[in-house]
Colleague: 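So that we are looking at the same thing, I have put the structure below in structure tokens.
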Amino acid sequence: MRGRGKLLAIAVLTAATVLSGCGGLSEIEELIVVSGAAIDYDGREYTVTAEIIDLQRGSQETAYKTFYLESKGESISQAVSRMSQTTGKELYWGHASVFIISRDVAQNSLVPVLEWFLHDTLAAFSSMVVLSNTENASDIYNYVSPTENSVSFALEKIMTNYSSREERGSAAVFEMIDKCGAQGVATLIPVISGVRSGDETVIAIDGLAVFASERLSGIYGPEDSEILRMFLGSHSENVMSVDTGKETVHFHCGKIKTDRKAFCEDGRLRIELKLEVELKIVDVDGNAGELDEAFMKRFSKGAEEYLVSEGRRVVGIDMEDFGSDVLGIGQLLERTKPKLWDEIKDGWRDIYKGGELDIEVRTAVGQSGEASKTLTIASE
């Protein structure tokens, strides 16, 4: 939703909330509309920094302005309550779209964050949670967006586009509540950082944070995150390169289909992962000559070997180090072999980390991003 459209929705829905509650005694001017918040933790106290939308101060050019309120407490609820007491006005959280958590919060536990959503009647379960790759989560508010005055609105746009390309790992609160504490499935949320753009630092996605149960177990960098997302069924817009021995082909991936199977006998796990992917050629370096069937075979073979190698490496990071089950293998076994799952679930993390991974990749090659001419090459 564009910024002005978002603001119109906020104004209409806030007015409806005000008029429908407390006998109509509250006024819109007595509400503080929160667009998002950053949550930090120092081991003793939480610091909540709320981004506030000021509809009164916006000019014709900007439509609105933002400012920030900060409060501390032993719990998130206490910090939010103190914020309201300080301002003397009620904070309205129903339109808060993105909550930014620090690494300290993630390493401690997601539970206090999710519990606040469960207990606060005005919090929206559709809100998204991201991890800040900065010292403090509130540092993200020092960055800028080329399209929005509100960092929260900008993050909402970025996240909506990012999540729409992924089958699993949505950062929506209601999905995180469902996954947190469950065995056999990981919680994945985007990592947010700042990148230089000219003289400014703009907000951008900088990888994926992986949670085993309620705590952070590891972080994938941007490049590895794109490989992981492919094996979760999401197409990648990142350009990759493969050396065929005669030329270097630069490509990205289009449609992707995945199939997962798992076998566990005597505590030994074997995972079979198949990937069918449409490859889009971006550019070719070297003396490729005509992009004929011989070229397609070279490229397809090289791309398959590359994707198998990268898949083993990236998924292997989770299997060997994180132990969070990013592929959802435990959840697959629970659904397809419930009796077996009941027998192994208590020791699942160790079984998963000691498992064997087999990957097969099949490709369909499209020239120059066009799917009009394709050639399917099966892995030998």
Side-chain angles (χ1 to χ4, degrees), residues 10-11 13-57 64-132 135-141 150-153 155-156 171-174 176-177 180-181 189 214-215:
I10 287 175
L13 292 175
T14 302
T17 300
V18 169
L19 293 175
S20 64
C22 300
L25 296 178
S26 299
E27 298 291 339
I28 293 178
E29 290 78 6
E30 297 303 314
L31 287 176
I32 296 179
V33 179
V34 182
S35 60
I39 305 173
D40 289 291
Y41 183 63
D42 65 3
R44 297 182 300 106
E45 285 188 317
Y46 288 92
T47 300
V48 177
T49 306
E51 184 180 55
I52 309 301
I53 297 299
D54 191 344
L55 298 175
Q56 306 296 321
R57 300 181 187 178
Y64 65 95
K65 290 186 177 181
T66 59
F67 64 95
Y68 299 91
L69 296 175
E70 180 185 295
S71 187
K72 298 179 183 290
E74 294 180 1
S75 67
I76 296 172
S77 296
Q78 187 180 75
V80 170
S81 177
R82 287 177 176 174
M83 193 179 294
S84 297
Q85 294 170 6
T86 301
T87 61
K89 295 183 178 182
E90 182 181 355
L91 272 66
Y92 181 68
W93 295 86
H95 295 298
S97 55
V98 179
F99 288 76
I100 309 163
I101 62 173
S102 68
R103 191 174 297 216
D104 289 330
V105 171
Q107 289 174 337
N108 178 54
S109 176
L110 283 175
V111 171
V113 178
L114 301 179
E115 281 186 340
W116 179 79
F117 282 91
L118 290 170
H119 297 155
D120 194 301
T121 57
L122 291 179
F125 280 16
S126 59
S127 299
M128 292 176 280
V129 178
V130 298
L131 178 71
S132 170
E135 183 176 356
N136 299 307
S138 58
D139 292 341
I140 294 295
Y141 292 134
S150 163
V151 170
S152 299
F153 288 175
L155 280 173
E156 182 181 21
V173 169
F174 68 89
M176 294 179 67
I177 291 173
C180 187
I189 69 172
E214 67 190 70
R215 291 182 178 84

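Because the structure is a prediction, the values reported are computed rather than measured. Start at 1 with the first residue, then count along the sequence.
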Colleague: Which heavy atom in Glu214 sits nearest to a heavy atom in Ser109, and how many Å separate them?
Modeller: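 Minimum heavy-atom separation between Glu214 and Ser109: OE2-OG, 2.7 Å.
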
Colleague: Taking all atoms of both residues into account, what is the closest heavy-atom pair of Ala38 and Tyr141, and its distance?
Modeller: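 So the two residues come closest at N-OH, 3.4 Å.
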
Colleague: Are the side chains of Ser97 and Ser152 in contact, using a 4.5 Å heavy-atom criterion?
Modeller: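 Yes, side chains in contact.
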
Colleague: Are Thr47 and Ser71 packed together at the side-chain level, in the sense that at least one heavy-atom pair is separated by less than 4.5 angstrom?
Modeller: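 Sidechains of Ser71 and Thr47: no contact.
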
Colleague: Heavy atoms only: give me the nearest Ala172-Ser126 pair and the separation to one decimal.
Modeller: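 Heavy atoms of Ala172 and Ser126 come nearest at CB-O, 4.4 Å.
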
Colleague: Are the side chain of Tyr41 and the backbone of Gly43 linked by a donor-acceptor contact shorter than 3.5 Å?
Modeller: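 Checking the backbone N and O of Gly43 against the side chain of Tyr41, a donor-acceptor pair under 3.5 Å is found.
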
Colleague: When you compare the side chain of His95 with that of Val34, does any pair of heavy atoms fall below 4.5 Å?
Modeller: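 Side chain of Val34 against side chain of His95, heavy atoms only: no contact under 4.5 Å found.
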
Colleague: For residues Val105 and Val113, determine if any side-chain heavy atom of one lies less than 4.5 Å from a side-chain heavy atom of the other.
Modeller: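 Yes, close enough: below the 4.5 Å cut-off.
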
Colleague: Determine yes or no for a side-chain-to-main-chain donor-acceptor pair under 3.5 angstrom, with Ser81 supplying the side chain and Ser77 the backbone.
Modeller: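 No, Ser81 side chain to Ser77 backbone: no donor-acceptor pair under 3.5 Å.
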
Colleague: Are Thr66 and Ile52 side-chain neighbours, meaning at least one heavy-atom pair lies under 4.5 Å?
Modeller: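 Of all side-chain heavy-atom pairs linking Ile52 with Thr66, none is under 4.5 Å.
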
Colleague: Parallel under 30°, tilted from 30 to 60°, perpendicular over 60°: which one fits the rings of Trp93 and Phe99?
Modeller: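 Judged by the thresholds at 30° and 60°, the geometry between Trp93 and Phe99 is parallel.
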
Colleague: Can you see which heavy atom on Lys72 is nearest to which on Glu45, and at what distance?
Modeller: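 For Lys72 versus Glu45, the nearest heavy atoms are CD-OE1, 3.8 Å.
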
Colleague: What's the separation between atom CZ in Phe67 and atom CD1 in Ile32, rounded to the nearest 0.5 Å?
Modeller: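 Atom-to-atom, Phe67:CZ and Ile32:CD1 are 5.5 Å apart.
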
Colleague: Measure the OG1-CE distance between Thr49 and Met83 for me, rounded to the nearest 0.5 Å.
Modeller: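 These two atoms lie 7.0 Å from each other.
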
Colleague: Is any side-chain heavy atom of Arg103 closer than 4.5 Å to a side-chain heavy atom of Ser132?
Modeller: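 Result no, sub-4.5 Å side-chain heavy-atom pair not found.
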
Colleague: Decide if atom CD of Glu135 counts as having more than 12 heavy atoms of other residues, nucleotides or ligands within a radius under 6.0 Å.
Modeller: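 No, the 6.0 Å shell around CD holds no more than 12 heavy atoms from other groups.
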
Colleague: For Ser138, is there any backbone N or O sitting under 3.5 Å from a side-chain donor or acceptor partner on Asn136?
Modeller: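 Looks like no, no N/O pair under 3.5 Å.
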
Colleague: Give, for atom CZ of Arg215 and atom CD of Gln107, the distance between the pair rounded to the nearest 0.5 Å.
Modeller: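 Reported to 0.5 Å precision, the distance equals 10.5 Å.
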
Colleague: Got a second to check how far Ile177's CD1 is from Leu118's CG, nearest 0.5 Å?
Modeller: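 One finds 4.0 Å between CD1 of Ile177 and CG of Leu118.
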
Colleague: Using distance alone, with no hydrogens and no angle criterion, decide if Glu90 and Ser84 have a side-chain donor and acceptor under 3.5 Å apart.
Modeller: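 There is no such pair between these side chains.
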
Colleague: Nearest 0.5 angstrom please: Ile100 CD1 to Asp139 CG, how far?
Modeller: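 Ile100 CD1 to Asp139 CG: 10.0 Å, rounded to 0.5 Å.
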
Colleague: Would you give the length of the straight line joining atom CG of Asp40 to atom CD1 of Ile101, rounded to the nearest 0.5 angstrom?
Modeller: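 So the CG of Asp40 and the CD1 of Ile101 are separated by 10.0 Å.
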
Colleague: Determine whether Ile140 and Val151 satisfy the following criterion, side chain to side chain contact (heavy atoms under 4.5 Å, CB included), listing intermediate values before the conclusion.
Modeller: CA-CA 8 Å; Ile140 294 295; Val151 170; 3.9 Å; yes

Colleague: I need the minimum non-hydrogen distance between Glu74 and Tyr46, along with the two atoms involved.
Modeller: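 Shortest heavy-atom separation between Glu74 and Tyr46 comes out as O-CD1, 3.6 Å.
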
Colleague: Would you indicate whether the side-chain heavy atoms of Ile189 and Met176 approach each other to under 4.5 Å?
Modeller: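 Contact flag for Met176/Ile189 side chains = yes.
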
Colleague: Taking all atoms of both residues into account, what is the closest heavy-atom pair of Phe153 and Ser35, and its distance?
Modeller: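 Scanning both residues completely, I find the closest heavy atoms to be CE2-CB, 3.8 Å.
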
